[in-house]
Protein chains: 2
Amino acid sequence: MVKRTSFEGDSCPVARSLDALGDWWSLLIIREALFGLRRFGEFQSKLGMAKNILSARLHSLVDHGILETAPASDGSAYQEYVLTPKGRGTFPILVALRQWSEEFDDHPEQIATVLVDREKGRPVKKLEMRAEDGRLLSPADAMVKPRPAPRRRSA
Amino acid sequence: MVKRTSFEGDSCPVARSLDALGDWWSLLIIREALFGLRRFGEFQSKLGMAKNILSARLHSLVDHGILETAPASDGSAYQEYVLTPKGRGTFPILVALRQWSEEFDDHPEQIATVLVDREKGRPVKKLEMRAEDGRLLSPADAMVKPRPAPRRRSA
DNA sequence: TCGTGTGGTTGCATCATAAAACCAAATGCC
DNA sequence: GGCATTTGGTTTTATGATGCAACCACACGA
């Protein structure tokens, strides 16, 4: 099979993340979900995407434990899609993407919104990588290391 | 036309980022580049991807100003692909993806590496969103606001 | 009951991707 | 210089993914 390569079995955590949300629409769906969208039609009209693709993506996100279906909320018999904790955990990824665009986009004037601190209305600070003890780290200050030692007691 | 939708003209910065690096391979190429890979063959053998796709992705990344071609480095007449500042600016995105996987992956035992502080060898701290004044912000503490002044473009 | 809105699924046409074959320039070896 | 090999791709072809439109089932309202 020629199958679009899946990174499901890959050992790199970046690849594993991309396997779940590395397509064109998933992160945008999650973004809208973080803003409170829940219903199929809401996603469809807000994102302007084809309904079959939306359906496939929603199911994929549910399968990955990022969204879950909830029976209702406004009393109607319809279904809703709400973020799980794992889904809400993608928030830093979205912030990182947004900040990257804000900093490096070739046409920043086309960016319509800024992410602000709700209390003060001021833009949020850039994400920083810090050590356990709080030291600010540059990319060069970090490295990847093999995992400690997975205890595999059960076979 | 049916064309795979491009987010190039979208006003959402998340969508704009995804337009540049939202496909299956781009972020992995960047990850390897951050680790020092430069040559076509290095990327190809490390990532195990088809050469035509790699070629297309490299050109796309160059077009987006994320990579640039450099004439040599070891004296040979071949070409290299090196990250621009814009390319190195994706680092927080990769860290966010990695940390999301580390925290929520269904099979964390399959993750082979951890990102550590080079000096101490200890895992880096989770990325945090903070306000200008340093207050720690949760997703609920943030909101998007229309950009300060300039004109708005396509919605 | 009929009509309508919501929430999808099904069929195509087209695009992107993957694997392998092919190719040209650069390099290594003699 | 001559020849095989490596490097760095492009071309070819098959298949999966995407996009659009049509269709359908169910809920809801009149």
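Note that these values count all heavy atoms, side chains included, but never hydrogens, waters or copies made by symmetry. Each chain gets a letter, A, B and so on, in the order the sequences are listed, and its residues count up from 1.
Following rounding to the nearest Å, A:Phe43 (CZ) and C:dG8 (P) show an atom-to-atom distance of 11 Å. At whole-Å resolution of the value, CG in A:Leu54 and P in C:dT6 are 14 Å apart. Across the protein-nucleic acid pair, B:Asp19 atom CG and C:dA16 atom P stand 13 Å apart, rounded to whole Å. Summarising the geometry, the separation between CD on A:Gln44 and P on D:dC20 is reported as 10 Å, rounded to the nearest angstrom. The nearest whole Å value for the distance from the CG atom in A:Asp23 to the C1' atom in D:dG19 is 14 Å. For the pair B:Trp24 CH2 and D:dG16 C1', the computed distance is 12 Å after rounding to whole Å. If you measure from atom CD1 of B:Ile53 to atom C1' of C:dA19, you get 10 Å, rounded to the nearest angstrom. One can place CG of A:Leu47 at 12 Å from P of D:dG19, the figure rounded to the nearest angstrom.
Connectivity analysis of hydrophobic side chains (ILVMFWY, heavy atoms under 4.5 Å, direct or indirect) links B:Leu136 to nothing; its cluster partners are none.
OP1 or OP2 of C:dA18 sits under 4.0 Å from a side-chain N or O of B:Trp25.
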Expected string for nucleotides 3-11 of chain D under the B/S/- scheme (protein heavy atoms, under 4.0 Å, primed atoms plus P, OP1, OP2 as sugar-phosphate) is ---BSBBBB
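Within 4.0 Å of B:Ala77, counting heavy atoms only, lie sugar-phosphate atoms of the nucleic acid but no base atom.
Contacts of A:Glu102 classified as side chain to side chain contact (heavy atoms under 4.5 Å, CB included), with partners at least two apart in sequence or in another chain: A:Arg98, A:Gln99, A:Val114. Partners of B:Arg39 by side chain to side chain contact (heavy atoms under 4.5 Å, CB included), not counting sequence neighbours, listed by chain and number: B:Glu42, B:Asp74, B:Ser76, B:Tyr78, B:Glu80. With sequence neighbours excluded, the residues satisfying side chain to side chain donor-acceptor pair (under 3.5 Å) with B:Arg16 are A:Asp105, A:Gln110. A:Ala131 is linked by a side chain to side chain contact (heavy atoms under 4.5 Å, CB included) to A:Asp133, A:Arg135, A:Leu137, B:Asp117, counting only residues two or more places apart in sequence or in another chain.
The list of salt bridge (Lys or Arg N to Asp or Glu O under 4.0 Å) pairs with a residue in residues 43-55 of chain B, not counting sequence neighbours, reads B:Glu32-B:Lys46.
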List the atom pairs, donor and acceptor, that lie under 3.5 Å between side-chain atoms in residues 59-71 of chain A and the rest of the protein, sequence neighbours left out.
residue, atom, partner, partner atom, Å
A:His59, ND1, A:Ser55, O, 2.9
A:His64, ND1, A:Ser60, O, 3.0

Given Watson-Crick or G-U pairs with both distances under 3.5 Å, what dot-bracket string fits DNA chain C, with | for other-strand pairs and [ ] for crossing? ||||||||||||||||||||||||||||||
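The main-chain N or O of B:Ile111 is found under 3.5 Å from a side-chain atom of A:Arg147 such that the two form a donor-acceptor pair.
Between A:Phe7 and B:Trp24, the angle of the ring planes lies from 30° to 60°, which puts this pair in the tilted group.
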